[in-house]
Asks: 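Below: one structure in C-alpha cells.
Counting begins at 1 with the first residue of the sequence. Owing to the predicted nature of the structure, the values given are computational and were not obtained by experimental measurement.
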Amino acid sequence: MKAKLRGRVDVWLIAIFLLSVFLNFYNIGNAGSNVYYTAAAKSMTANWKAFFFASLDPAGFITVDKPPVALWFQALSVAIFGVSDWSVLLPEAIAGVLSTLLIYFIVKPIFGRAPALWSSLIFACTPIFVAVARTNNIDAILIFTLLAAAWALMKSVHKQKISWLLFSFALVGIGFNMKMLQAYMVLPAFYLFYFLADKANWKKRIGHLSLATVVLFVISISYAAVADSIPKDKRPYIGSSQTNSVFELAFGYNGVGRLTGEAGPGGNHSSDGNMPRMNPQTNEQNQGNALLGVPPQGTPNINSQINDENGNQGNGSLPSPPQGMPGMNPGEMGNFGPNESQPPGRMGGIGGETGEPGLFRLFNQQMAGQISWLLPFVLFSLIGLIVSIRKQRALTLPHQFTMFWFIWLIPMMGFFSIAGFFHRYYLSMMAPAIAVITAIGSTILWEFYKEKRDWSQWLLPTAFLVTFLFEAYVLFQNRSSIHVSWMLVIALLGLAIFAFIVAFRNKEKTAYYTKIAGMIGLLIMPFYWSLTPVLYGGNSAIPYAGPDLRHSGQQGDRMMAGGMEREANSSLIEYLEKNYNGEKYLVATFRANTAAQIMLKTDKAVMAMGGFLGSDPVLTPEKLEQIVKKGEVRYFLISGFGGGGESNSELIQWIQKHCKEVPQEEWQKGQTSADRHPFGTDRAEKLYKYEG
C-alpha cells in the first residue's frame, strides 16, 4: 500500500509547486498594490452596479480602464478578507501557482513526465511573470484563463468531443473580458492546432471551428453589448474611452492604440475622440512624465508659482526629484533610459521602459532580463522541430503540439518588437510558450544527439553554448546594477564550454547528466531575477524584475507607485470629512490615482473627472455645473497639471471662475514634505470650494 502511494506522489512536482508558492506568496502582504485597482475592488463591494461595471468609485461615476471579470475576483477577495494589499494580491498569486501546475498537466499527456516537470519549473522561474503575479495587475489571472483554454483544447483533440473545443474558445472569450484584445493573441495557435490535430474530416473541422468562433464572439462581446446598451446616464462612464463605449475602449485605447503608441499614459487622446497630432518626442515624454508626476506638455497651468519647502514663491519650475530619482529636467524625463549610471529598471518614456521598437528589441537591456533568457534555446528548438518533421516525414501529434506553442509565441514576439506602447509586465504572456518550448525542445534535441547520425547531433550542445553566451551578455548589460563577480560569469562560460565538449563524448550517460546540469545552469540567472521582487520589493503599479530593485525598490520606481499615496495627506482628508454635508462625492479630482488614494482612506466616493489619464472627456462645463447645483460635489482638488485635453481645460476654468480657493493653511496644516508630493512640494495643488 505504501509503495503504491509513494508511486502516485510526484516529489519533484510538489517541490516545483512549493517553489511557485514561495515566489508568488512570500511577503505579499507588504508587497504594495496598484491603488487604481485596489480602490476599484473596494468600490465594487459597495453595490452591484459598481461590481458589474468595475467602477472606480462606489457612486458609479467612472470605470477603470479594463473590463470587469478579472477584477471580480479581487472584489470577492476584498468582500471576504477586507481591504488590504494581501487581499487584492491573493487572486493573482493563486493564479500564478495554478498556472504552474496547469502547464504540467497540459504537457505530460503528450511528452511525458520529465518535459512536463521542466516546463513547470521554467515557467515558475520566469522573472516578469513572478513580478506581475505579486501585484494586483490582472495579467496572471488572464494567463491562467488562457492556459485553461489550452488545456481544454488539448482535451477536445484527445477525447474527440466538440464540447471541449467550445469550452476552450469560451474561456478565451472570458479572457477578452479581462484585458480585451490581449487575450486574442493566442487565437492563431488555437485555430491551427485544432485544424491539424483533430481527426475529423476537414469539413467537420471547419464547421467545429466556425461554431467555436461564434461562441468566442458571443462571450467576448457579452459585457460590451450589455454595458453599451444601457443609457449613459444610468451607468458609469467607461474609463479611458473617448466615446463612453466599451467597444471603443477595446479597439482604441486597449487595441490599436497599443500598437501605434497613442494609448500611453500621458493623456494622448483628444477630447473629440481623435488622437492629437503631436511630435513623437513630445508624445513619448508625456507618457513617461505622467508616471513621474510631471505635467504633460500643453497642459494648462493653474498656478505659475510653486511654493518651495519654506513657503517661498518659486518661478513655476518643477522641484528637484528626491534621492533615488534621476536628476533631469522635466523635458528629459520621458526619454531617459538605462546607461552606466542609470539602472535598467528605472521608469521613463517608451524608450526608457521598453527600448526602441525594432527587430532586436526583446534582447535589449530593458527587456532581456525580464523574459528573453531562453530565447536562443527556443530558436534551436524550432530548428529541431523542423528537422524532426523532415526525418519522420509526418506531422505527428507531438509535432503539432510543439507548433501550437510556437504559434502562441511568435505573434507575441512580433507585437512586442514593434508596438508603440506597452509595459514590460505584458511580456508575461510569452512565459508559458517559452517554458514549454524549452522543455520539449531539449527532449527533441536530446533524441538527435543519441542517434548520432548527422549534423543534427550538434544542435543540443550548440543550443546550450549559445544560450549560456547570451545569458552572459545579459549579465554584462546589467553590470551597473548587479555588481556581479566576473568570476561567476567566467564560471558560467566555463560550464557552457564544458557542456559543449562533454556532449560530444561517446559516453551517453555522462552526456545525459551534462544535459541535466545544463538545464539547471540555464535557470540560475532567471531564477535570481525572479527572486528580486520577492527579496527587495517591486513596483506595484508597473512591475518588473531585476537586481536594480535592490537599490531602487524603496526609493525609485516603488515610490512612483506608492508615492501618490502621499497626495491623500491626513490633513486634507480631515478637512474634507469635517466639512462633508452628505454630498455624493467627498471631493472631485482629475486623475484617478489621486481619487483612489483618498477613497482608500475614507468610505466615501471621490469623483475622478478625467479618468486614469486625467484627460477623459467625461464632463463638459455645463454637466459639471448641473452636478454642482444638485449638491453632489462641493470641493475640487486640482494640481498644476490636473487634467489634459481641451474639455478638461474648460473645466478648470469653470472651477476657477465659480469656486473659491481654500487657503492651504486650512487643509495642509502641519504637513511636511514627506506628506506631500514625492518630489517634496505641494505640486501647486489647490483646493476649491463651491459656495453657491
Asks: State whether the side chain of Ser77 and the backbone N or O of Leu90 hold a donor-acceptor pair below 3.5 Å, judged by distance alone.
Replies: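 Absent.
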Asks: Below 4.5 Å, heavy atoms only, C-beta onward: do Leu142 and Gln182 meet side chain to side chain?
Replies: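 Yes. Closest side-chain heavy atoms under 4.5 Å.
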Asks: Mind checking whether Trp48 and Phe51 have parallel, tilted or perpendicular rings, split at 30° and 60°?
Replies: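 Geometry flag for Phe51 against Trp48: perpendicular rings.
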Asks: Which heavy atom in Trp654 sits nearest to a heavy atom in Cys659, and how many Å separate them?
Replies: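 Smallest heavy-atom distance, with atoms named: CZ3-SG, 4.2 Å.
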Asks: So which atom in Ile141 and which in Ala70 form the shortest heavy-atom distance, rounded to 0.1 Å?
Replies: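 Minimum heavy-atom separation between Ile141 and Ala70: CD1-O, 3.9 Å.
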Asks: Ignoring hydrogens and angles, tell me if any N or O in the side chain of Asn648 forms a donor-acceptor pair with the backbone of Gly614 under 3.5 Å.
Replies: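 Yes; judged by distance alone, with no hydrogens or angles, the pair exists.
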Asks: Mark yes or no for whether Glu353, through its side chain, and Arg424, through its backbone, hold a donor-acceptor pair below 3.5 Å.
Replies: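 Indeed, once roles are kept as given, a pair shorter than 3.5 Å links the two residues.
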Asks: Does Lys689 have more than 12 heavy atoms from other residues, nucleotides or ligands lying within 6.0 Å of its NZ?
Replies: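 Check passes, neighbour count above 12.
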Asks: When you measure from the side chain of Asn137 to the backbone N and O of Asp139, does any donor-acceptor pair fall under 3.5 Å?
Replies: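 Side chain of Asn137 to backbone of Asp139: no pair is present.
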Asks: Compare every heavy atom of Leu71 with every heavy atom of Ala54, then report the nearest pair and how far apart it is.
Replies: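 Taking every non-hydrogen atom into account, CB-CD1, 4.1 Å.
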Asks: Above 12 or not: heavy atoms from other molecules or residues under 6.0 Å from OH of Tyr690?
Replies: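 Correct, the count exceeds 12.
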Asks: Does Lys623 offer a backbone N or O that forms a donor-acceptor pair with the side chain of Thr620 under 3.5 Å?
Replies: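 Such a contact is found between Thr620 side chain and Lys623 backbone.
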Asks: Using only atom types and a distance under 3.5 Å, with no angle test, would you say the side chain of Arg258 pairs donor to acceptor with the backbone of Tyr253?
Replies: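 Present.
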Asks: So is Lys179 actually on top of Tyr426's ring, under 6.0 Å and inside 45° of the axis?
Replies: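 That pair qualifies as a cation-pi contact.
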Asks: Decide whether Thr38 and Ser33 meet the rule of one side-chain donor and one side-chain acceptor closer than 3.5 Å.
Replies: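 There is such a pair between these side chains.
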Asks: Check whether any side-chain N or O of Ser43 sits under 3.5 Å from a backbone N or O of Leu56 as a donor-acceptor pair, and report yes or no.
Replies: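 A pair under 3.5 Å: yes.
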Asks: With sequence neighbours excluded, what pairs up with Glu666 under the salt bridge (charged side-chain N to carboxylate O under 4.0 Å, His left out) test?
Replies: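 By the salt bridge (charged side-chain N to carboxylate O under 4.0 Å, His left out) rule, Glu666 matches no residue at all.
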Asks: Quick one: side-chain hydrogen bond (donor to acceptor under 3.5 Å, both in side chains) pairs with a partner in residues 215-237, sequence neighbours left out?
Replies: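 Those involving residues 215-237 are Tyr184-Ser220, Asp228-Ser245, Arg235-Asn244.
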Asks: Please identify each residue that fulfils side-chain contact (heavy atoms from CB on, under 4.5 Å) with Ala133, with sequence neighbours left out.
Replies: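 side-chain contact (heavy atoms from CB on, under 4.5 Å) check on Ala133 returns Asn24, Phe129, Ala140.
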Asks: Asn34 and Asn136: side-chain donor and acceptor closer than 3.5 Å?
Replies: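 The criterion, which ignores hydrogens and geometry beyond distance, is not satisfied for Asn136 and Asn34.
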Asks: Does some side-chain heavy atom of Ile655 sit less than 4.5 Å from a side-chain heavy atom of Met609?
Replies: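 Side-chain contact under 4.5 Å: yes.
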Asks: Given 3.5 Å as the limit, does a donor-acceptor pair link the side chain of Gln242 with the main chain of Pro617, or not?
Replies: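 No; judged by distance alone, with no hydrogens or angles, the pair does not exist.
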Asks: Among pairs that include at least one residue of residues 625-637, which meet salt bridge (charged side-chain N to carboxylate O under 4.0 Å, His left out), considering only residues two or more places apart or in two chains?
Replies: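 As it turns out, the salt bridge (charged side-chain N to carboxylate O under 4.0 Å, His left out) pairs with a partner in residues 625-637, which skip direct neighbours, are Glu583-Arg634, Glu625-Lys629.
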Asks: Filter on salt bridge (charged side-chain N to carboxylate O under 4.0 Å, His left out), then keep only pairs touching residues 34-61, sequence neighbours left out; what's left?
Replies: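 Counting only pairs at least two positions apart or across chains, the salt bridge (charged side-chain N to carboxylate O under 4.0 Å, His left out) contacts touching residues 34-61 are Lys42-Asp603.
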Asks: So, using side-chain contact (heavy atoms from CB on, under 4.5 Å) as the criterion, who are the partners of Ala41 when residues are at least two apart?
Replies: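 Ala41 satisfies side-chain contact (heavy atoms from CB on, under 4.5 Å) with Gln74, Val78, Val88 only.
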Asks: Just checking Tyr635 against Tyr585, ring centres under 6.0 Å apart?
Replies: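 No, too far apart.
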Asks: For Val246, does its backbone N or O pair with a side-chain atom of Ser241 as donor and acceptor, under 3.5 Å?
Replies: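 No; judged by distance alone, with no hydrogens or angles, the pair does not exist.
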